Peer 1: 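Input: one structure, supplied below.
Predicted, not measured: the structure shown is a model, and the values here were computed from it. Index from 1, following the sequence.
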Amino acid sequence: MKIDIKLFADGADLNGIMELYGSGLVDGITTNPTLMKKAGIADYEKFANEVASRITDIPVSFEVLSDDFAEMERQARKIGGWGENVYIKIPVTNTRGESSAPLINKLSRDGYKLNVTAILTLEQVDAVLRALDPAAQAYVSVFAGRIADTGVDPCPIVRKAAAMCGKRSPNIKCLWASTRELLNIFQAQECGADIITVTHDILKKLPMIGRDHNELSLDTVKMFYSDAVSAGFVL
């Protein structure tokens, strides 16, 4: 099973980020406020600048924090100044459901690299693609994992989104986001997505790819037995 899609590490643990970057396994780095909160990051800008200063040769994405479009624009321009490889994460709407398309259009026309995030519908993909300047570098992040969480197969949506992105411009890449398991890498690849974001814990499972299932079954049985013995369980 060959991985033929770009892997972006999704996380906020600096040591983990640098370890993955140094391994050469990943083609980019992404993070978001939720991951940073979970990691205990207290100073957003300090953390982001440290990452941006240490990783300069692969794409790195940082998200705006504001819910007001004027302030969102100010923050976006600030983030865009952190490095040539920095992509600005713009949510597809604000918390009132108002489209970010006008801001996306303005920033992309000004040459900023964008990562439009939290997309779950093809209607949103269409609106974002209409807003993006075809000459701009951009990622259209479809949250496939969240779509799957609703009981809906995300693959037809990602497949269509990837085709729409490719038709719009070779500079606009379709990204499979909110990955849940290793299988998603191959699903995203089959759907034609250009990139998949993968959390650090899932990336640690990469050596599992191609393992013999009989061998894995035996390892599982051994694990259950060992844990029962070490726990002192009796019947």
Peer 1: Val60 and Val51: side chain to side chain contact (heavy atoms under 4.5 Å, CB included), yes or no, with the steps?
Peer 2: CA-CA 8 Å; Val60 180; Val51 173; 4.0 Å; yes
Peer 1: Can you name the closest pair of heavy atoms from Pro33 and Glu63 and give their distance?
Peer 2: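 Of all heavy-atom pairs spanning Pro33 and Glu63, the closest is CD-OE1, 3.5 Å.
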Peer 1: Does atom CD of Glu84 have more than 12 heavy-atom neighbours from other groups under 6.0 Å away?
Peer 2: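 12 or below, so no.
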Peer 1: Does the side chain of Pro91 reach to within under 4.5 Å of the side chain of Val64, using non-hydrogen atoms?
Peer 2: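 Pro91 vs Val64: side chains touch.
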Peer 1: Within the 4.5 Å heavy-atom criterion, are Asp149 and Arg180 side-chain neighbours or not?
Peer 2: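 Counting from C-beta outward, Asp149 and Arg180 do come under 4.5 Å.
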Peer 1: Take atom CZ in Arg130; do more than 12 heavy atoms of anything else shown fall under 6.0 Å from it?
Peer 2: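 No, not enclosed.
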Peer 1: With a 4.5 Å heavy-atom cut-off, do Val142 and Ile147 have their side chains touching?
Peer 2: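 Yes, side chains in contact.
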Peer 1: Do the non-hydrogen side-chain atoms of Ile88 and Phe62 ever get within less than 4.5 Å of each other?
Peer 2: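 They are not in side-chain contact.
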Peer 1: Could you go through the side chain to side chain contact (heavy atoms under 4.5 Å, CB included) check for Asp194 and Lys6 one step at a time?
Peer 2: CA-CA 6 Å; Asp194 302 287; Lys6 288 187 176 181; over 6 Å; no
Peer 1: Atom SG of Cys165 and atom CG of Asn171: how far apart are they, to the nearest 0.5 Å?
Peer 2: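 Answer rounded to 0.5 Å: 11.5 Å.
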Peer 1: When hydrophobic residues are tied together by side-chain contacts of less than 4.5 Å, even through go-betweens, does Ile196 share a cluster with Met208?
Peer 2: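 Per the 4.5 Å side-chain linkage, Ile196 and Met208 are co-clustered.
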Peer 1: Verify the neighbour count for atom CD of Glu71: are there more than 12 heavy atoms of other residues, nucleotides or ligands below 6.0 Å?
Peer 2: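 Yes, because the 6.0 Å sphere around CD of Glu71 holds more than 12 heavy atoms from other groups.
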Peer 1: Donor-acceptor check, side chain of Ser108 to backbone of Leu132, threshold 3.5 angstrom: yes or no?
Peer 2: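 Here the side-chain-to-backbone pair does not exist.
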Peer 1: Following the transitive rule for hydrophobic clusters with a side-chain heavy-atom cut-off under 4.5 Å over Ile, Leu, Val, Met, Phe, Trp and Tyr, establish whether Phe143 and Phe8 coincide in one cluster.
Peer 2: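 Shared cluster, no.
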Peer 1: Quick check for you: to the nearest 0.5 Å, what is the distance between Asp126 atom CG and Glu123 atom CD?
Peer 2: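 One gets 8.0 Å once the value is rounded to the nearest 0.5 Å.
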Peer 1: With rounding to the nearest 0.5 Å, note down the distance linking OH in Tyr44 to OG1 in Thr31.
Peer 2: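 That separation rounds to 7.5 Å.
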Peer 1: Quick check against the 3.5 Å criterion: does Ser178 have a side-chain atom that pairs as donor or acceptor with the backbone of Gly145?
Peer 2: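 Yes, the answer is positive, given that a donor and an acceptor are paired below the 3.5 Å cut-off.
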Peer 1: How many angstroms lie between CD in Gln75 and CG in Asp68, if you round to the nearest 0.5 Å?
Peer 2: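 One finds 9.5 Å between CD of Gln75 and CG of Asp68.
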Peer 1: Same cluster for Val140 and Ile157 if Ile/Leu/Val/Met/Phe/Trp/Tyr side chains link at under 4.5 Å?
Peer 2: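 They do share one cluster, since a chain of ILVMFWY contacts under 4.5 Å joins Val140 to Ile157.
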Peer 1: With no hydrogens and no angle check, is any side-chain donor or acceptor of Gln124 less than 3.5 Å from a backbone partner on Val92?
Peer 2: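 Here the side-chain-to-backbone pair does not exist.
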Peer 1: How close do Thr93 and Ser99 get, heavy atom to heavy atom, and via which atoms?
Peer 2: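 Answer, listing the atom of Thr93 first, then Ser99: CG2-CA, 4.3 Å.
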Peer 1: How about Asp110 and Arg77: do any of their side-chain heavy atoms sit closer than 4.5 Å?
Peer 2: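 Touching, per the 4.5 Å side-chain cut-off.
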Peer 1: Can you tell me how far CD1 of Ile209 sits from CD1 of Ile185, rounded to the nearest 0.5 angstrom?
Peer 2: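 It comes to 5.5 Å.
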Peer 1: In terms of side-chain heavy atoms, does Asp57 have a donor or acceptor partner in Tyr21 at a distance below 3.5 Å?
Peer 2: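 Yes, a side-chain donor-acceptor pair sits under 3.5 Å.
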Peer 1: What pairs with Lys106 under salt bridge (Lys or Arg N to Asp or Glu O under 4.0 Å), at least two apart in sequence or on another chain?
Peer 2: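 Glu73.
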Peer 1: Distance-only, no hydrogens or angles: does the Gln137 side chain make a donor-acceptor pair with backbone N or O of Lys113 under 3.5 Å?
Peer 2: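 Not a single qualifying donor-acceptor pair exists.
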Peer 1: Answer with yes or no whether the hydrophobic clustering places Ile119 together with Val158; edges join I, L, V, M, F, W, Y residues whose side-chain heavy atoms lie under 4.5 Å apart.
Peer 2: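 Yes, because Ile119 and Val158 connect within a single hydrophobic cluster, where side-chain heavy atoms sit under 4.5 Å apart.
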Peer 1: Just to verify, what does Glu181 make a salt bridge (Lys or Arg N to Asp or Glu O under 4.0 Å) with, not counting sequence neighbours?
Peer 2: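 If we apply the salt bridge (Lys or Arg N to Asp or Glu O under 4.0 Å) test to Glu181, skipping adjacent residues, there are no hits.
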Peer 1: With under 30° as parallel and over 60° as perpendicular, where do the rings of Tyr87 and Tyr139 fit, or are they tilted in between?
Peer 2: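 Parallel.
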Peer 1: Give every residue pair that meets the side-chain hydrogen bond (donor to acceptor under 3.5 Å, both in side chains) criterion with at least one member in residues 153-164, sequence neighbours excluded.
Peer 2: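 As it turns out, the side-chain hydrogen bond (donor to acceptor under 3.5 Å, both in side chains) pairs with a partner in residues 153-164, which skip direct neighbours, are Arg159-Glu190.
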Peer 1: Honestly curious: do Leu35 and Leu14 fall in one hydrophobic cluster under the side-chain, below-4.5 Å linking rule?
Peer 2: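 In one cluster with Leu35: Leu14, no.
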Peer 1: So Thr150 and Leu120, side chain to side chain contact (heavy atoms under 4.5 Å, CB included) or not? Walk me through it.
Peer 2: CA-CA 11 Å; Thr150 69; Leu120 272 81; 5.7 Å; no
Peer 1: Are side-chain N/O atoms of Asn115 and Thr117 paired as donor and acceptor at under 3.5 Å?
Peer 2: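 No, no side-chain donor-acceptor contact under 3.5 Å.
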Peer 1: In chain order, what residues pass the side-chain contact (heavy atoms from CB on, under 4.5 Å) check against Ser100, with sequence neighbours excluded?
Peer 2: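 Ser100 satisfies side-chain contact (heavy atoms from CB on, under 4.5 Å) with Phe69, Ile90, Ile104 only.
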Peer 1: Report, as yes or no, whether the 6.0 Å neighbourhood of atom CZ on Arg146 holds more than 12 heavy atoms from other residues, nucleotides or ligands.
Peer 2: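 No.
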Peer 1: With side chains defined as the heavy atoms from C-beta onward, is the minimum distance between Val198 and Leu206 less than 4.5 Å?
Peer 2: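 No, too far: nothing below the 4.5 Å cut-off.
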Peer 1: Please lay out, stage by stage, how Asp201 and Thr199 fare under the test side-chain hydrogen bond (donor to acceptor under 3.5 Å, both in side chains).
Peer 2: CA-CA 6 Å; Asp201 57 332; Thr199 56; 2.4 Å; yes
Peer 1: Which residue pairs satisfy the side-chain hydrogen bond (donor to acceptor under 3.5 Å, both in side chains) criterion with at least one member in residues 216-234, sequence neighbours excluded?
Peer 2: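 Non-adjacent pairs meeting side-chain hydrogen bond (donor to acceptor under 3.5 Å, both in side chains): Arg211-Asp219.
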Peer 1: Shortest non-hydrogen contact from Gly11 to Ile17?
Peer 2: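 Shortest heavy-atom separation between Gly11 and Ile17 comes out as O-CD1, 3.8 Å.
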Peer 1: List for me each residue that meets side-chain contact (heavy atoms from CB on, under 4.5 Å) alongside Asp43, sequence neighbours excluded, and say none if there are none.
Peer 2: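 Asp43 satisfies side-chain contact (heavy atoms from CB on, under 4.5 Å) with Glu45, Lys46 only.
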Peer 1: Quick one: closest heavy-atom pair of Ile29 and Ile58, and the distance?
Peer 2: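 Shortest heavy-atom separation between Ile29 and Ile58 comes out as CG1-CD1, 4.1 Å.
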Peer 1: Would Asp10 and Thr30 count as having a side-chain donor-acceptor pair, cut-off 3.5 Å?
Peer 2: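 The criterion, which ignores hydrogens and geometry beyond distance, is satisfied for Thr30 and Asp10.
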Peer 1: State, yes or no, whether a side-chain contact exists between Thr197 and Leu175 at a heavy-atom distance under 4.5 Å.
Peer 2: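 Yes, their side chains come closer than 4.5 Å.
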Peer 1: Taking all non-hydrogen atoms of both residues into account, name the closest pair between Val125 and Met164 and its distance.
Peer 2: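 Smallest heavy-atom distance, with atoms named: CG1-CE, 3.8 Å.
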Peer 1: For Trp82 versus Ala52, what's the shortest heavy-atom pair and its separation?
Peer 2: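 Smallest interatomic distance, heavy atoms only, reads O-CB, 3.9 Å.
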Peer 1: Give a yes or no on whether the backbone of Gly97 and the side-chain of Asn94 come within a donor-acceptor separation of less than 3.5 Å.
Peer 2: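 Side chain of Asn94 to backbone of Gly97, a donor-acceptor pair under 3.5 Å: yes, one is there.
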Peer 1: If you round to the nearest 0.5 Å, how far is CE of Met72 from CG of Leu107?
Peer 2: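 It comes to 10.0 Å.
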Peer 1: Are any non-hydrogen side-chain atoms of Asp67 and Arg96 less than 4.5 angstrom apart?
Peer 2: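 Yes; the side chains approach each other to less than 4.5 Å.
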